[in-house]
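Reminder, nothing fancy here: chain letters follow the sequence lines and each chain counts from 1.
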Number of protein chains: 2
Amino acid sequence: MTTPPSTGKRSSRSRPTRASKALREGQNRFVSIWGEMGSSWGIPRTMAEVHALLYIVGEPLNTDQIMERLAISRGSASMSLKSLHDWGLVGRAHKRGDRKEYFRAEQDVWQVFRIITRERKRREIDPVLMALHDCRDVTGPRAADLESCETDVESHNDRLDRMIEFIELIDSLADQFVSPAGKGLQLAVGLLGKAV
Amino acid sequence: MTTPPSTGKRSSRSRPTRASKALREGQNRFVSIWGEMGSSWGIPRTMAEVHALLYIVGEPLNTDQIMERLAISRGSASMSLKSLHDWGLVGRAHKRGDRKEYFRAEQDVWQVFRIITRERKRREIDPVLMALHDCRDVTGPRAADLESCETDVESHNDRLDRMIEFIELIDSLADQFVSPAGKGLQLAVGLLGKAV
DNA sequence: CCTTAGTTTCAAAGATTTTTGAAAGAACTA
DNA sequence: TAGTTCTTTCAAAAATCTTTGAAACTAAGG
């Protein structure tokens with residue numbers, strides 16, 4: 001799948017070329033940007049950085065390489081990798097004659113965001129929707145008549161219903177994007193994008 | 001805009017009816033859910049709770065009412081309200097013969113999410129795109145020939161370009177949603193939703 | 001101009017989240 | 001089985017983020 005032994009940056013212990021130094025710098029910047037972004041969206045910075053490193057390097061790395069590259073502890077690396085694996089953003093790989101475990105990040109950007117969408121929907125949106133429905137039940141069934149004409153309760157229910165309706169729409173959009181047949185959305189989105 | 005003096009929940013110091021207790025409970029639940037959700041998406045829990053309270057109560061509240069209702073300090077309330085006002089999610093209001101300042105949350109759910117989208121785009125996505133472009137520059141112009149045939153640099157650049165392209169697409173989608181003429185997206189989204 | 005009611009600010013305290021590192025656990029080899 | 005190598009776990013430490021509360025500030029009323 002990847003090219004042969006890859007005559008990569010510094011395979012033969014040669015001194016770094018100008019290009020390989022730029023590459024290193026580019027990778028480091030990407031890692032920082034992604035880490036920063038992750039943390040502003042509620043994802044642990046280190047987890048995002050590990051992901052960024054694996055994505056941008058393109059080929060599998062082992063725990064020691066990741067630790068060294070990001071200057072983090074073994075425990076932290078292991079935990080971030082576990083989370084990334086749970087999300088499905090990172091897969092395990094092995095190299096012949098090397099007992100170490102290697103990790104490879106999904107390389108298809110669309111797939112990356114489909115996975116992120118799927119997981120955030122599952123972990124955050126769906127539970128919120130559940131809770132909102134429970135919350136809605138507290139103030140009675142639709143068009144209820146608890147006492148007689150409790151307009152406060154009615155407008156409360158309207159506000160809840162509008163919010164629930166909106167979030168359900170987002171939820172179903174996420175479904176579209178995530179689904180294997182989600183190419184539909186991909187296409188539609190492309191068209192919309194053009195129609196600026 | 002709102003109904004008269006509003007014969008609200010407990011205007012005349014009467015004992016709470018069953019319905020008004022349910023209403024209170026429903027509001028509290030909504031506040032908790034929204035606070036929880038905010039914090040999982042990188043928004044301070046209290047700020048999200050203040051927003052939730054103002055949204056679900058529907059009518060303007062003053063700082064003391066918010067402090068009491070959420071059991072938070074004056075400083076915290078003031079800071080959250082400032083942020084919400086900066087975002088544009090909350091407006092100031094005044095009542096005749098009352099020197100206190102009142103705060104009212106935007107009530108249109110679509111508008112709420114348009115605002116959130118606009119602000120997150122402005123504060124988080126756009127800066128990331130800038131940084132990614134700078135990062136891209138580090139490894140030379142498109143189809144560069146830094147040394148000769150540095151395939152590592154080339155594939156690095158490809159990965160960056162794919163990521164940038166995707167985020168730019170999201171960015172322009174966000175534009176569509178945010179724009180006043182964004183009804184287009186609203187519509188398209190509605191159609192897509194149906195086409196499940 | 002002074003008083004008073006209300007609001008904002010910000011350093012320190014408190015709470016929460018993240019990282020570390022060492023010990024326990026697994027998996028392989030001889 | 002014992003030894004070796006690598007991985008995971010988790011309690012404590014560190015870092016980060018949030019809240020508090022009292023002082024500074026602002027504006028309205030007298």
Side-chain angles (χ1 to χ4, degrees), chain A residues 31-32 34-54 60-87 89-104 120 123-124, chain B residues 31-32 34-54 60-87 89-104 120 123-124:
Chain A
V31 165
S32 300
W34 210 240
E36 185 77 16
M37 185 168 116
S39 77
S40 80
W41 288 86
I43 276 123
R45 177 187 248 85
T46 299
M47 173 176 160
E49 287 193 350
V50 172
H51 178 240
L53 180 65
L54 291 173
L61 299 180
N62 64 40
T63 306
D64 294 270
Q65 294 172 311
I66 294 167
M67 285 166 62
E68 191 208 318
R69 200 63 198 278
L70 301 179
I72 59 176
S73 70
R74 186 170 302 281
S76 191
S78 173
M79 278 176 151
S80 291
L81 287 165
K82 180 174 185 338
S83 298
L84 288 166
H85 188 254
D86 290 348
W87 277 64
L89 288 167
V90 159
R92 295 169 196 277
H94 294 278
K95 295 205 168 170
R96 298 229 151 286
D98 186 346
R99 276 177 58 188
K100 285 195 174 69
E101 199 153 27
Y102 283 72
F103 299 89
R104 182 218 315 294
R120 293 212 86 149
R123 299 170 191 219
E124 279 133 33
Chain B
V31 164
S32 300
W34 210 241
E36 185 76 15
M37 183 168 117
S39 76
S40 79
W41 287 86
I43 276 122
R45 177 186 248 90
T46 299
M47 173 175 159
E49 288 192 349
V50 172
H51 178 240
L53 179 65
L54 291 173
L61 298 181
N62 65 40
T63 306
D64 294 86
Q65 294 172 312
I66 295 167
M67 287 167 58
E68 191 208 318
R69 199 62 198 277
L70 302 179
I72 59 177
S73 70
R74 185 169 302 283
S76 190
S78 173
M79 279 174 151
S80 290
L81 288 165
K82 181 177 186 331
S83 297
L84 289 166
H85 189 253
D86 290 348
W87 277 64
L89 286 168
V90 158
R92 295 170 197 278
H94 293 279
K95 295 206 166 166
R96 299 231 148 284
D98 187 344
R99 278 174 58 187
K100 286 197 174 65
E101 200 153 27
Y102 283 72
F103 300 89
R104 179 214 320 291
R120 293 212 86 149
R123 298 168 191 220
E124 279 133 34

Solution key, residues 60-68 of chain A side-chain donor-acceptor pairs under 3.5 Å, sequence neighbours excluded:
from, atom 1, to, atom 2, distance (Å)
A/Asn62, OD1, A/Asp64, N, 3.0
A/Asn62, OD1, A/Gln65, N, 2.8
A/Asn62, ND2, A/Tyr102, OH, 3.3
A/Asp64, OD1, A/Arg74, NH2, 3.0
A/Gln65, OE1, A/Asn62, N, 2.8

Rounded distance in Å - [atom1] ([X]) to [atom2] ([N]):
X	N	atom1	atom2	value
A/Asn62	D/dT8	CG	C1'	16 Å
A/Ile72	C/dT20	CD1	C1'	11 Å
A/Ile66	C/dT19	CD1	C1'	16 Å
A/Gln65	D/dC6	CD	C1'	14 Å
B/Arg74	C/dT7	CZ	P	7 Å
A/Asp98	D/dT5	CG	P	13 Å
A/Met67	D/dT7	CE	P	10 Å
A/Leu81	D/dC6	CG	C1'	14 Å

| task | Evaluate the side-chain proximity of A/Met79 to A/Ile72: yes if any heavy-atom separation is below 4.5 Å, no if none is. | result |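 No; the side chains remain at least 4.5 Å from each other.
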| said: Is any side-chain heavy atom of B/Glu49 closer than 4.5 Å to one of B/Leu53? | reply: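 When only atoms from C-beta onward are counted, B/Glu49 and B/Leu53 do not touch, as no gap falls below 4.5 Å.
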| request: For the side chain of A/Met79, starting at C-beta, report the closest nucleotide among C/dT9, C/dT7, D/dC10. | output: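 It is D/dC10.
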| said: Tell me if the NZ atom of A/Lys82 is crowded by more than 12 foreign heavy atoms within 6.0 Å. | reply: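 Result for NZ/A/Lys82: open.
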State, to 0.1 Å, how close [X] and [Y] come at their nearest heavy-atom pair, and which atoms those are.
X	Y	answer
A/Leu84	A/Met47	CD1-O, 3.7 Å
A/Leu54	A/Phe103	CD2-O, 3.3 Å
B/Arg45	B/Glu36	NH2-OE1, 2.7 Å
B/Ser76	B/Ser73	N-OG, 3.1 Å
B/Trp41	B/Arg120	O-NH1, 2.8 Å

| said: Which residues in residues 41-51 of chain A have a heavy atom closer than 4.0 Å to any atom of DNA chain C? | reply: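 Hits under 4.0 Å, by residue number: A/Pro44, A/Thr46.
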| message | Generate the contact string for nucleotides 25-30 of chain D. Rules: B means base contact, S means sugar-phosphate contact only, - means no protein heavy atom under 4.0 Å. | response | --B---
| said: Closest-nucleotide mapping onto DNA chain D: is A/Lys100 or A/Ser39 further toward the 5' terminus? I mean the 5' end. | reply: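 That would be A/Lys100.
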| field | side-chain N/O A/Ser76 vs C/dT20 OP1/OP2, d < 4.0 Å | value |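 Affirmative; the distance criterion is met.
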